[in-house]
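Only heavy atoms go into these numbers, but all of them, side chains included; no hydrogens, no water, no symmetry mates. Here is how names work: the chains are called A, B, and so on, in the same order as the sequence lines, proteins then strands, and each is numbered from 1.
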Number of protein chains: 2
Amino acid sequence: MEFDDKVPIYYQIEEYIRQQIISGQLAAGAQVPAVRQLALDLTVNVNTIQRALSHLVQTGVLVSKRGLGNFVTTDAHVLAALRTAAIQAPLAQLYDRLAALNLTADEMRAALETYIAQREKESE
Amino acid sequence: MEFDDKVPIYYQIEEYIRQQIISGQLAAGAQVPAVRQLALDLTVNVNTIQRALSHLVQTGVLVSKRGLGNFVTTDAHVLAALRTAAIQAPLAQLYDRLAALNLTADEMRAALETYIAQREKESE
DNA sequence: TATAGTGTACTAGTAATCTATTACACGCAT
DNA sequence: ATGCGTGTAATAGATTACTAGTACACTATA
């Protein structure tokens, strides 16, 4: 996995797991890969994995069962909130940054439109 | 100034200066506040300011004149690239994150629309 | 009961970031 | 020439993030 060295690895792993859950690659109630396996997969130390997971446990996103593994919560409220936050955060960032550059709402729409067209063109 | 403790302060200051330039609060050729003054304003050490500025100098965004101060470049190409990058970056982040959640282009447009409406409502 | 697979805890060492402090280099006005 | 305002450099210490390694705790199953 590629990490941005401007942000703590444990935090990027947190986001990675959250995204796996939101996108459905880790279903509600599913078991998360073992900490030692994750450490291998992400080429990172077990302690770093542990740090990321323990925060997800504190947040209620994961449930830890000693001797068994870590599991995705089945709490629908938590899962819904997770998805909402994952969508809102980048929107807020976009809005704030472009507003700081004095772009109007219309110019933001246009910028997104242009960007989408560009990306769709590239992926042909 | 409020800093995100997940990202190095020197990097956040870099972005802060870049934004001041792009938004026009620091015009082309204008003098950047003295390093000691910036350190006071941002309640940060002079070394940290220096680290941020020296990278902006390396990038060609600022020009350093020993004994005189740091000045915004007058190179139109550099300034234009700065603005472009500042707009593209959050767009790319939005697109990538929402695409990872399996949102379509139309859903992205709709999400932005909803978000803008929400923000404009709040600011009344 | 033994073993394999799981989470958890602890210590030690390295590297990066930030602070504090001091000193030096340059340009300009008095 | 002096002094003030500027950028620059260098050292030492605190804190955090990460790695490496070891050990322990719990569960299920052969």
Side-chain angles (χ1 to χ4, degrees), chain A residues 1-18 20-21 26-75, chain B residues 1-18 20-21 26-75:
Chain A
M1 187 173 172
E2 312 147 9
F3 293 110
D4 177 353
D5 65 357
K6 294 284 192 308
V7 181
I9 295 176
Y10 71 83
Y11 188 75
Q12 296 180 61
I13 293 176
E14 252 189 80
E15 291 190 316
Y16 169 74
I17 303 282
R18 271 195 287 261
Q20 295 262 306
I21 296 173
L26 277 176
Q31 178 174 3
V32 176
V35 291
R36 290 171 182 80
Q37 187 59 47
L38 276 176
L40 286 177
D41 293 350
L42 307 182
T43 56
V44 139
N45 192 272
V46 179
N47 296 320
T48 307
I49 297 291
Q50 190 62 31
R51 186 164 183 179
L53 295 190
S54 71
H55 190 235
L56 288 169
V57 169
Q58 285 178 357
T59 318
V61 175
L62 297 184
V63 177
S64 169
K65 300 185 183 174
R66 196 181 185 114
L68 291 179
N70 289 292
F71 301 84
V72 178
T73 182
T74 54
D75 183 329
Chain B
M1 188 171 172
E2 311 147 11
F3 293 109
D4 177 353
D5 65 358
K6 293 283 191 310
V7 181
I9 294 176
Y10 72 83
Y11 188 75
Q12 296 182 60
I13 294 176
E14 251 189 82
E15 290 189 315
Y16 169 75
I17 303 282
R18 271 195 287 263
Q20 295 261 308
I21 295 173
L26 277 176
Q31 178 173 3
V32 177
V35 290
R36 291 172 181 79
Q37 187 59 47
L38 276 176
L40 286 178
D41 293 350
L42 307 182
T43 55
V44 140
N45 192 272
V46 179
N47 296 321
T48 306
I49 297 291
Q50 190 63 29
R51 186 165 184 180
L53 295 189
S54 70
H55 191 235
L56 289 169
V57 169
Q58 285 178 356
T59 317
V61 175
L62 296 184
V63 177
S64 168
K65 300 185 182 174
R66 196 184 185 109
L68 291 178
N70 289 292
F71 300 85
V72 178
T73 183
T74 55
D75 184 327

- Query: If each of L68(A) and I9(A) is mapped to the nucleotide of DNA chain D with the nearest heavy atom, which maps nearer the 5' terminus, i.e. the 5' end?
  - Reply: I9(A)
- Starting at atom CZ of R51(A), determine the distance to atom P of dA9(C), rounded to an integer number of angstrom. 14 Å
- Query: Taking for each residue the nucleotide of DNA chain C with the nearest heavy atom, is it K6(A) or V57(A) whose nucleotide lies nearer the 5' end?
  - Reply: V57(A)
- Nearest heavy-atom contact between Q31(B) and L26(B) is O-CD2, 4.0 Å
- Starting at atom CG of L38(A), determine the distance to atom P of dT19(D), rounded to an integer number of angstrom. 14 Å
- Message: For A28(B) versus V72(B), what's the shortest heavy-atom pair and its separation?
- Response: CA-CG1, 3.8 Å
- Query: Should T48(A) be listed as having a side-chain N or O under 4.0 Å from OP1 or OP2 of dT19(D)?
  - Reply: yes
- Nearest-0.5 Å distance that lies between atom CG in L42(B) and atom CD1 in I49(B): 4.5 Å
- Query: Atom CD of Q37(A) and atom P of dG7(C): how far apart are they, to the nearest Å?
  - Reply: 11 Å
- Task: Give one of base, sugar-phosphate or nothing for R36(B), where a contact means two heavy atoms less than 4.0 Å apart.
- Result: base
- Among dA17(D), dT17(C), dT8(C), the one nearest V46(A) by side-chain distance: dT8(C)
- Query: Rounding to a whole Å, what distance do you find between K65(B):NZ and dG5(D):C1'?
  - Reply: 16 Å
- Item | Per N70(A) side chain, nearest of listed nucleotides dC26(C), dT8(C), dT19(D) | dT8(C)
- Item | Nucleotide nearest Q31(B) (side chain, heavy atoms from C-beta), chosen from dT17(C), dT19(C), dT6(D) | dT6(D)
- Query: On DNA chain C, nearest-nucleotide positions of S64(A) versus N45(B): which is more 5'?
  - Reply: S64(A)
- To the nearest angstrom, the CG-P distance between L40(B) and dG5(D) comes to 13 Å
- Note on the structure: Rounded to whole Å, CZ of F3(A) lies from C1' of dT19(D) at a distance of 13 Å
- Testing dA20(D), dA25(C), dT6(D) for proximity to the side chain of N47(A), the answer is dA20(D)
- Message: Taking the minimum atom-to-atom distance to the side chain of R66(A), which one of dG7(C), dA17(D), dT19(D) wins?
- Response: dG7(C)
- Worked check of side chain to side chain contact (heavy atoms under 4.5 Å, CB included) between H55(A) and T59(A): CA-CA 6 Å; H55(A) 190 235; T59(A) 318; 4.2 Å; yes
- What's the CG-P distance between L42(B) and dC18(C), to the nearest Å? 13 Å
- Message: Distance check needed: dT19(D) C1' versus Y10(A) OH, whole Å only.
- Response: 16 Å
- Task: Taking all heavy atoms of R18(A) and all of L56(A), pick out the closest pair and write down the distance.
- Result: NH1-CD2, 3.6 Å
- Item | Proximity to the side chain of Q50(B) - top-ranked nucleotide from dA17(D), dT8(D), dG7(D) | dT8(D)
